[in-house]
S.K.: 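Sharing a structure, written as structure tokens. Questions coming.
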Amino acid sequence: MYINGSWASAAANAEFEVLNPATGAVIKSLPDGGGEAARAAIDAAAEAFKTWKATTPYQRAEFLMRAHALMMERQENLAKVMTAEQGKPLRAAMTEVKYAADFLSWFAEEGKRVYGEIIPSARADQRFYVLHQPVGVVAAITPWNYPISMITRKLGPALAAGCTVVLKPAEATPLTAIETFKIFEDAGFPPGVVNLVTGMDPKPIGEEFVSNPKVAKLTFTGSTAVGKMLAGQAAGNMKRVSCELGGHAPFIVLEDADPEHAAKGLQLVKFLNTGQACISPNRIFVHRNNLDGFLDTLTGRVAGMKAGNGMEKGVTIGPLVNEAAVAKVESQVRDAVAKGAKVLTGGERLTNGDLGQGHFFAPTVLTDVTPDMLIYREETFGPVAAIVPFDDNDDVLAMANDTNYGLAAYVYSQNLTQAMRLFEGLEFGIIGVNDINPASAAAPFGGRKDSGLGREGSREGISEYLETKVGGFSI
Ligand code: NAP
């Protein structure tokens, strides 16, 4: 753990093991911290806030830009650590490190643009001055699926705004977090500005985060169930809250779309990170007139994917994070098949050879998916493309919006009017129109409904770490 500028072990030297999901091997043992460690880290962050908040955005940008440079210098090492503990192919891990570094450089600059306002008053003697100030100590909780970018997407704007931070990374991927904090240390951040608490049981750490009066803000990325629980507790103590939660993205291929282009796009985005992405398409609505062309291209490409250890050359899809994740995917596929869905490729666990040591499920295409199936209603978080044929463009908007989630959605169409109608009507926060990567440090990322509160990235991302203050001046 990294607390007040020093590396620390847990009370009584308690430790937990970090495993490789491709091989089942133990990679390392790490400090198993709890409420006590979280409290010490929060105390350090509160003390450091007194001076960090008084630095200028130009000074803070220098620290962030040094961290950005170090992250890019260490890109390959960071990617290897990530692949070992999370499983994604090395090339995908390299891409994630670059995406993560972007949040440091983008917010280093954006911190300089936290402008106030002067508002005219109805009284001739009065002026209103509006100022934005850092909220204070930020408690951050991140998931395992994007082990580095989920950290910098929070810490980049928080640090640029003048906040200090305590981070709890996921139990499955703390090693990437540790390498990231070595970068913060080497970039020279003063003691207490960034703090890291690792642990196996997240509850005592979470309880400290939502109840400690020194914490001003909770920022959480993870499942909707845990996010709702923590947000409720934090709100009870009037802490500021942002949540990036689960998704159930529709991917809509309209009648006028190019079915092959859409199928190529779907294969790339659906199987990214073995389907373990909050913006992963989960319900793929394809107009029946495009179905044959779409399925031919998709099935061929999916059947050609190579599952394996992400460190090996040629591997295009890694393992799932653990056995529970494989069991969930398996039960969704079984349920769908029992209710009439057809498996076009995949559909089962992969246990042949070395794959038997890890948590592998074959990349799968299911068609004839209907609303009574679990996969139509629940986030899969696995490598299954669930195809729902449809007949009428006018029905598909309501079908896509028929979910409690509201994070990402995708539309394929060559008709601008149709595409714009869906873009405006979809009740989701992030829409890709003939585009499978609608995310960037410069663009707002976040969801509606059960997918969360607030936005990360973009100028909205920094405002999540700022309080507004108004001064009425009588002259
Ligand atoms: P999760 O179980 O909610 O875990 C996320 C984080 O919360 C982990 O650090 C976890 O710690 C911690 N946590 C769990 N229970 C807690 C508690 N009682 N108190 C405090 N912290 C607690 O979710 P996950 O399975 O890791 O992540 C997958 C989910 O994240 C999916 O639903 C996905 O859609 C969502 N996600 C959303 C976005 C987005 O931007 N919207 C991005 C990525 C992922 P442990 O690891 O120690 O359990």
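What you see is a predicted model; the values in this text were computed from it and never measured. Whatever order the structure lists them in is the order used to number ligands and atoms, beginning at 1.
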S.K.: Please, which pairs that meet salt bridge (Lys or Arg N to Asp or Glu O under 4.0 Å) have at least one residue in residues 263-285, sequence neighbours excluded?
M.R.: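 Passing the test, one end in residues 263-285: no pairs.
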S.K.: Determine whether Phe16 and Pro174 make a side-chain contact, defined as any pair of heavy atoms from C-beta on separated by less than 4.5 Å.
M.R.: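 The answer is yes; the side chains approach within 4.5 Å.
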S.K.: Partners of Phe107 by ring pair (Phe, Tyr, Trp, His ring centres under 6.0 Å), sequence neighbours excluded?
M.R.: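 With neighbours one apart ignored, the set is empty.
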S.K.: Could you give the N/O to N/O pairs under 3.5 Å linking ligand 1 and the protein, each with its distance?
M.R.:
unit_1   : atom_1 : unit_2 : atom_2 : d
ligand 1 : 3 (O)  : Ser223 : N      : 2.9
ligand 1 : 3 (O)  : Ser223 : OG     : 2.6
ligand 1 : 9 (O)  : Thr142 : O      : 2.7
ligand 1 : 9 (O)  : Lys168 : NZ     : 3.2
ligand 1 : 11 (O) : Lys168 : NZ     : 3.0
ligand 1 : 23 (O) : Ser223 : N      : 3.3
ligand 1 : 25 (O) : Trp144 : NE1    : 3.3
ligand 1 : 26 (O) : Trp144 : NE1    : 2.8
ligand 1 : 30 (O) : Gly222 : O      : 3.2
ligand 1 : 32 (O) : Glu379 : OE1    : 2.9
ligand 1 : 34 (O) : Glu379 : OE2    : 2.6
ligand 1 : 40 (O) : Arg153 : NH2    : 2.8
ligand 1 : 41 (N) : Leu245 : N      : 3.3
ligand 1 : 41 (N) : Leu245 : O      : 2.8
ligand 1 : 46 (O) : Glu171 : N      : 2.9
ligand 1 : 47 (O) : Lys168 : NZ     : 3.3
ligand 1 : 47 (O) : Glu171 : N      : 3.4

S.K.: Tell me every residue that passes ring pair (Phe, Tyr, Trp, His ring centres under 6.0 Å) with Phe285, counting only those two or more places apart in sequence or in another chain.
M.R.: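 With neighbours one apart ignored, the set is empty.
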S.K.: Could you tell me whether Phe189 and Trp52 have their ring centroids closer than 6.0 angstrom?
M.R.: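 Here the rings of Trp52 and Phe189 have centres that are less than 6.0 Å from each other.
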S.K.: Just wondering, more than 12 heavy atoms not from Asn77 lying within 6.0 Å of its CG?
M.R.: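 Counting neighbours around CG of Asn77, more than 12 heavy atoms of other residues, nucleotides or ligands fall under 6.0 Å, so yes.
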